[in-house]
Amino acid sequence: MPGKTKNKMFKDKTIVYTSGAFDMFHYNHLRMINYARSLADILIVGVSTDELVSSYKTTPIIPFNERLQIIEALKTPDIVIPQHTLDHSEIVKKLNIDAFVVGDDWFGKYDYLKDLGVQVFYFPYGTGVSSSSLRKTIHDSYAANLKYQCNAKPTSVKADQDQQEGK
């Protein structure tokens, strides 16, 4: 890569960084991390802090420390680190990152890393599961169930007892 010099210790090793909120960990998260692993000799995964995620979308349902532990439990990452900012310039310089993988819902956002000699891959999430779609599904299911429960509520305890006794 132009302008990059590798530490002798990591000569010929490709260091790949991928990151995300990884809230309500699902299949597309796993696919993206596995794709990043396929490009890497050393895979570093950044997990966005609650504060960072809250700065650009709804606060995660799963707390940061639990999301971090979920990613650490995977066999694919070599290193898991907290991610405090969406600007990856410093992490790229500090960790000698060769490539960055992120979901294609961020398409174009990280092209500035190319100027630092980093290859940027926008992983095609495609349609299907996402944390946002899971959140909506859970919310809609809860709302429908709540509505059902409210409509099924007996008008009195006596009426409910009579109904159970077949009166």
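Along the sequence shown, the residues carry numbers beginning at 1.
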Tell me which pairs pass side chain to side chain donor-acceptor pair (under 3.5 Å) where either residue lies in residues 67-82, with sequence neighbours left out. Arg37-Asp78, Asp50-Arg67

Between the side chains of Asp87 and Ser89, is a donor N or O closer than 3.5 angstrom to an acceptor N or O? yes

Can you list every pair that meets ring pair (Phe, Tyr, Trp, His ring centres under 6.0 Å) and has a residue in residues 65-86, with sequence neighbours left out? none

Side chains of Val101 and Val120, heavy atoms from C-beta outward: is any pair under 4.5 Å? no

Would you say that Leu43 contacts Thr18 through its side chain, given a criterion of any heavy-atom pair below 4.5 Å between the two side chains? yes

Verify the neighbour count for atom OH of Tyr112: are there more than 12 heavy atoms of other residues, nucleotides or ligands below 6.0 Å? yes

What distance do Glu90 atom CD and Leu116 atom CG have between them, rounded to the nearest 0.5 Å? 9.5 Å

Using the salt bridge (Lys or Arg N to Asp or Glu O under 4.0 Å) rule, collect all pairs that involve residues 108-119, keeping only residues at least two apart or in two chains. Asp111-Lys114

Side chain proximity check, Ser19 to Phe100, heavy atoms < 4.5 angstrom: yes

Rounded at 0.5 Å granularity, tell me how far NZ in Lys13 sits from CG in Asn96. 14.5 Å

For the backbone of Val16 and the side chain of Asp98, can you confirm whether one donor and one acceptor N or O come within less than 3.5 Å of each other? no

Could you check Asn34 against Arg31 for side chain to side chain donor-acceptor pair (under 3.5 Å), going step by step and ending with a plain yes or no? CA-CA 5 Å; Asn34 285 342; Arg31 287 179 55 231; over 6 Å; no

Could you check whether any side-chain heavy atom of Tyr17 comes within less than 4.5 Å of a side-chain heavy atom of Val118, counting everything from C-beta outward? no

Report the C-alpha separation of Val47 and Gln83 in whole Å, then their side-chain angles, then the decisive distance to 0.1 Å, and conclude whether the side-chain contact (heavy atoms from CB on, under 4.5 Å) test is met. CA-CA 5 Å; Val47 179; Gln83 177 177 285; 6.0 Å; no

Between Asp104 and Pro124, the two heavy atoms sitting closest are OD2-CA, 3.1 Å

Side chain to side chain contact (heavy atoms under 4.5 Å, CB included) partners of Glu51, counting only residues at least two apart: Thr49

Does some side-chain heavy atom of Ile44 sit less than 4.5 Å from a side-chain heavy atom of Pro77? no

Taking C-beta and beyond as the side chain, do Phe22 and Val45 meet within less than 4.5 Å on heavy atoms? yes

Please check: side-chain N/O of Tyr110 versus main-chain N/O of Tyr122, any donor-acceptor pairing under 3.5 Å? no

At what distance, to the nearest 0.5 angstrom, does OG1 of Thr85 lie from CD1 of Ile91? 10.0 Å

In this structure, OG1 of Thr59 is separated from CG of Asp23 (nearest 0.5 Å) by 9.5 Å

What's the spacing between Lys93 NZ and His88 NE2 if we round to 0.5 Å? 14.0 Å

Can you list every pair that meets ring pair (Phe, Tyr, Trp, His ring centres under 6.0 Å) and has a residue in residues 52-83, with sequence neighbours left out? Tyr56-Trp106

In the structure I gave you, are the side-chain heavy atoms of Leu74 and Val80 within less than 4.5 Å of one another anywhere? no

Using a 4.5 Å cut-off on heavy atoms from C-beta on, say whether the side chain of Thr14 contacts that of Leu39. no

Residue pair Leu95, Ile81: steps toward the side-chain contact (heavy atoms from CB on, under 4.5 Å) verdict: CA-CA 11 Å; Leu95 298 176; Ile81 60 174; 4.1 Å; yes

Applying ring pair (Phe, Tyr, Trp, His ring centres under 6.0 Å), can you list everything that pairs with Phe121, at least two apart in sequence or on another chain? none

